[in-house]
Amino acid sequence: MIKQLSFITYNMITLKNIRENQDLISKKLKTKNFEVNKIEKLLNKDSDWREGLVLVEKLKEKRNSASKQISILKKENKPADDLISEMKNVSSKIKEIDSKNVELKIEIDNLLLDFPNIPHDSVPLGSDESSNKIIRTWGEKPKFEYEIKSHIEISEKLNLLDFKAGSKISGSGFPVYIKNGAKLERSLINFMLDMHVENGYDEMFPPFLVNSDSMQTTGQMPKFIDDMYQIPKDQLFCIPTAEVPVTNYYRSEQLDESELPVKFAAYSACFRREAGSYGKDTRGLLRLHQFNKVELVKFVHPDNSYNELESLLEDAEKVLQSLGLHYRVIELCTGDLSFSAAKCYDVEVWSPYENKYLEVSSCSNFESFQANRGSIRFRSSKTGKMEFVHTLNGSGVATPRLLIALIENYQQKDGTIKIPKALQRYMNISAIED
RNA sequence: GGAGAGAUGUCUGAGUGGUUUAAGGUGCACGCUUGGAAAGCGUGUGUGGGGGCAACUCCACCGCGGGUUCAAAUCCCGCUCUCUCCGCCA
């Protein structure tokens with residue numbers, strides 16, 4: 001059952017909206033641990049900018065009409081020297097004010113790019129993850145009558161992963177999948193893509209390197225540039241998720257209202273520097289610099305983006321359900337919400353050996369946040385105007401922790417791994433035995 | 001990597017310094033006409049931003065960014081992308 005959520009209609013990080021709803025936005029951004037004095041700073045620059053704008057536009061108006069006069073005078077062979085010399089002064093004044101204004105506007109735009117999205121009214125308040133809410137759990141924790149092994153131990157014994165070779169070739173956090181491990185990884189990707197396509201998503205295979213405009217649209221830049229692998233010579237960045245290229249598929253485009261919602265499922269490798277998280281979850285597949293993920297991205301009508309979020313979440317959950325893995329769904333509180341998200345659910349799969357839930361998916365509604373940054377619009381039949389679509393995405397799902405859960409949950413006493421039914425036709429075997 | 005050609009509104013396409021506030025066509029919307037439709041005729045038709053915040057008005061936008069000029073779609077410089085050819089290459 002999809003629950004219909006209430007939402008405020010003008011919930012947007014735009015200069016105009018901040019100008020007109022300063023108090024409301026300040027209140028909402030505070031819940032996301034945003035330093036709200038930046039709003040004051042922004043609006044001060046904004047009023048300076050607008051002051052200059054009024055001035056310069058009046059001068060431009062004057063110049064435009066004088067230009068027409070000069071043109072007429074010249075055609076009639078009459079002198080226009082006075083007017084020309086007057087306009088010389090006007091023009092230099094315009095240049096002066098304009099350059100100040102451009103500078104101000106760049107400062108304003110840069111400030112604005114650091115503003116996080118506004119949390120949705122339904123998001124629970126809280127400053128950190130301790131205020132997150134458990135929405136539901138599915139399945140049960142499996143019971144083992146023998147001592148269970150970690151995914152690292154099992155995958156070493158069965159020759160599925162080679163962490164040592166990975167560190168030699170690239171460094172830590174770049175595992176090599178071998179033999180049945182490689183096949184299992186490939187099977188999972190195919191299995192998930194097939195499932196989502198069957199559920200109405202269009203498959204997409206995007207580029208793994210993108211430019212800075214793309215990173216800016218989805219919100220990775222400018223703030224999180226240090227989390228990205230960069231190729232400076234070509235000014236390209238390795239994608240941290242397929243969300244980036246897939247969302248940017250429609251950057252600067254106008255969609256037809258009738259074609260909404262547009263839904264994509266895309267596999268990509270994901271690259272994350274994980275700067276600042278050294279020493280945390282470094283074992284095995286828990287936290288990697290490169291991993292595989294199938295991502296779901298939706299472009300939807302603003303009127304029903306919250307219904308679309310619920311169904312996106314369900315589509316991600318189906319992966320774990322089909323594989324028979326116990327998991328829970330968490331609703332993130334305002335303080336734990338990512339920079340770009342207005343609302344977000346995490347799906348966490350159970351790891352028996354780690355004895356905890358591991359995040360395998362994050363399903364978010366970005367509302368118009370990304371669409372505004374990247375100008376992704378449609379013409380509303382209701383208003384006749386161009387409006388921003390709402391974008392959503394969710395992992396469906398990331399493979400490393402899924403692999404951990406699979407290996408650990410399906411391990412047998414004899415050290416083998418059973419293959420869940422849904423995967424058997426991809427693996428062509430029912431168990432990994434040696 | 002080298003050489004050449006190109007980029008104008010929904011599309012097509014004109015425009016090499018000044019009534020271009022971007023012609024003409026096409027598409028779209030409305031009206032007239034018609035028994036109805038087509039054709040024909042007429043009117044309107046982009047995006048973003050600013051000021052009044054309503055009718056209105058001004059500014060910017062001809063791939064992107066600079067420059068020259070009183071004035072740039074138009075001239076100059078740099079860049080991006082597309083196409084053709086050559087080279088290299090899975």
Side-chain angles (χ1 to χ4, degrees), chain A residues 10 12-22 42-113 205-217 231-237 245 248-259 269 368-389:
Chain A
Y10 209 68
M12 229 187 272
I13 294 294
T14 60
L15 192 52
K16 204 176 197 170
N17 193 28
I18 294 169
R19 197 187 288 148
E20 286 167 5
N21 303 295
Q22 182 181 358
L42 178 85
L43 290 179
N44 283 337
K45 285 197 190 298
D46 175 53
S47 74
D48 288 351
W49 171 68
R50 278 189 297 162
E51 202 177 298
L53 201 60
V54 169
L55 205 64
V56 84
E57 284 190 353
K58 271 197 185 124
L59 290 173
K60 282 181 182 174
E61 188 183 354
K62 197 169 168 188
R63 182 177 69 183
N64 285 344
S65 65
S67 270
K68 269 173 216 160
Q69 268 183 330
I70 291 169
S71 151
I72 292 165
L73 288 173
K74 291 237 167 186
K75 260 186 192 147
E76 292 170 354
N77 273 326
K78 287 181 184 162
D81 296 356
D82 289 353
L83 203 49
I84 286 175
S85 72
E86 192 193 337
M87 284 310 110
K88 215 170 204 161
N89 287 330
V90 170
S91 269
S92 74
K93 209 175 245 169
I94 287 174
K95 207 172 235 177
E96 193 185 306
I97 303 170
D98 246 351
S99 73
K100 256 186 222 158
N101 261 0
V102 166
E103 218 170 280
L104 268 172
K105 190 61 167 51
I106 288 170
E107 285 176 40
I108 288 168
D109 288 342
N110 285 338
L111 279 172
L112 216 46
L113 283 172
F205 199 118
F208 294 177
L209 302 185
V210 300
N211 58 32
S212 59
D213 283 349
S214 294
M215 286 294 199
Q216 185 170 298
T217 292
I231 294 108
K233 193 160 190 177
D234 299 293
Q235 292 179 293
L236 290 168
F237 302 83
N248 276 278
Y249 186 71
Y250 285 124
R251 169 154 52 86
S252 310
E253 304 287 337
Q254 288 106 55
L255 288 114
D256 203 285
E257 190 174 25
S258 63
E259 61 184 317
S368 58
F369 188 78
Q370 296 177 327
N372 175 41
R373 288 177 158 238
S375 187
I376 307 171
R377 300 175 299 171
F378 70 100
R379 188 174 300 284
S380 163
S381 59
K382 230 189 300 179
T383 63
K385 296 215 162 117
M386 299 305 296
E387 284 184 27
F388 294 118
V389 301

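Per chain, numbering begins at 1; letters A, B, ... match sequence-line order.
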Starting at the 5' end of RNA chain B, which residue's closest nucleotide do you reach first, A:Val102 or A:Lys68?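 Closest to the 5' end, via its nearest nucleotide, is A:Lys68.
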Nearest-nucleotide 5' precedence on RNA chain B, A:Lys95 against A:Ser71: A:Ser71
Over how many whole Å does the gap from [X] atom [atom1] to [N] atom [atom2] extend?
| X | N | atom1 | atom2 | result |
| --- | --- | --- | --- | --- |
| A:Asp98 | B:G67 | CG | C1' | 15 Å |
| A:Leu59 | B:C70 | CG | C1' | 14 Å |
| A:Asn89 | B:A71 | CG | C1' | 15 Å |
| A:Asp81 | B:U69 | CG | P | 17 Å |
| A:Lys93 | B:C70 | NZ | P | 17 Å |
| A:Glu253 | B:C81 | CD | P | 17 Å |
| A:Glu76 | B:U19 | CD | P | 14 Å |
| A:Leu83 | B:U69 | CG | P | 18 Å |

Given the [atom1] atoms of [N] and [M], what is the spacing between them in whole Å?
| N | M | atom1 | answer |
| --- | --- | --- | --- |
| B:U8 | B:G51 | C1' | 30 Å |
| B:G48 | B:A39 | P | 32 Å |
| B:C85 | B:U68 | C1' | 35 Å |
| B:A7 | B:U12 | C1' | 15 Å |
| B:A3 | B:A90 | C1' | 25 Å |
| B:C61 | B:G65 | C1' | 14 Å |
| B:A23 | B:U10 | P | 14 Å |
| B:U57 | B:G63 | P | 28 Å |

Tell me the stems RNA chain B sits in, counting at least three consecutive Watson-Crick or G-U wobble pairs, each under 3.5 Å on both distances. B:1-7 with B:80-86, B:27-32 with B:40-45, B:46-51 with B:56-61, B:63-67 with B:75-79
With [X], which residues qualify under side-chain hydrogen bond (donor to acceptor under 3.5 Å, both in side chains), at least two apart?
| X | answer |
| --- | --- |
| A:Gln254 | none |
| A:Glu76 | A:Lys78 |
| A:Asn110 | none |

Can you name the closest pair of heavy atoms from [X] and [Y] and give their distance?
| X | Y | value |
| --- | --- | --- |
| A:Arg63 | A:Val90 | CB-CG1, 4.5 Å |
| A:Asp213 | A:Arg251 | CB-NH1, 3.5 Å |
| A:Arg379 | A:Glu257 | O-OE1, 3.4 Å |

Return a single string for nucleotides 47-63 of chain B, one symbol per nucleotide in 5' to 3' order, where B is base contact, S is sugar-phosphate-only contact and - is none, cutoff 4.0 angstrom on heavy atoms. SSBSS------BBS---
Check whether any side-chain nitrogen or oxygen of A:Ser91 sits under 4.0 Å from OP1 or OP2 of B:U69, and answer yes or no. no
Neighbour count above 12 (heavy atom, 6.0 Å) for A:Phe208 CZ: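 Counting neighbours around CZ of A:Phe208, more than 12 heavy atoms of other residues, nucleotides or ligands fall under 6.0 Å, so yes.
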Using side chain to side chain contact (heavy atoms under 4.5 Å, CB included) as the criterion, list what pairs up with A:Asn89, not counting sequence neighbours.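 A:Asn89 satisfies side chain to side chain contact (heavy atoms under 4.5 Å, CB included) with no residue once adjacent residues are dropped.
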Please determine whether side chain to side chain donor-acceptor pair (under 3.5 Å) holds for the pair A:Ser67 and A:Asn64, giving the CA-CA distance in whole Å, both sets of side-chain angles, and the decisive distance to 0.1 Å. CA-CA 5 Å; A:Ser67 270; A:Asn64 285 344; 5.6 Å; no
By the 4.0 Å heavy-atom rule, please label A:Lys105 as base, sugar-phosphate, or nothing.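 Contact class for A:Lys105: none.
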Salt bridge or not for A:Asp48 and A:Lys100, using N-O below 4.0 Å?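 The answer is no: the pair does not qualify as a salt bridge.
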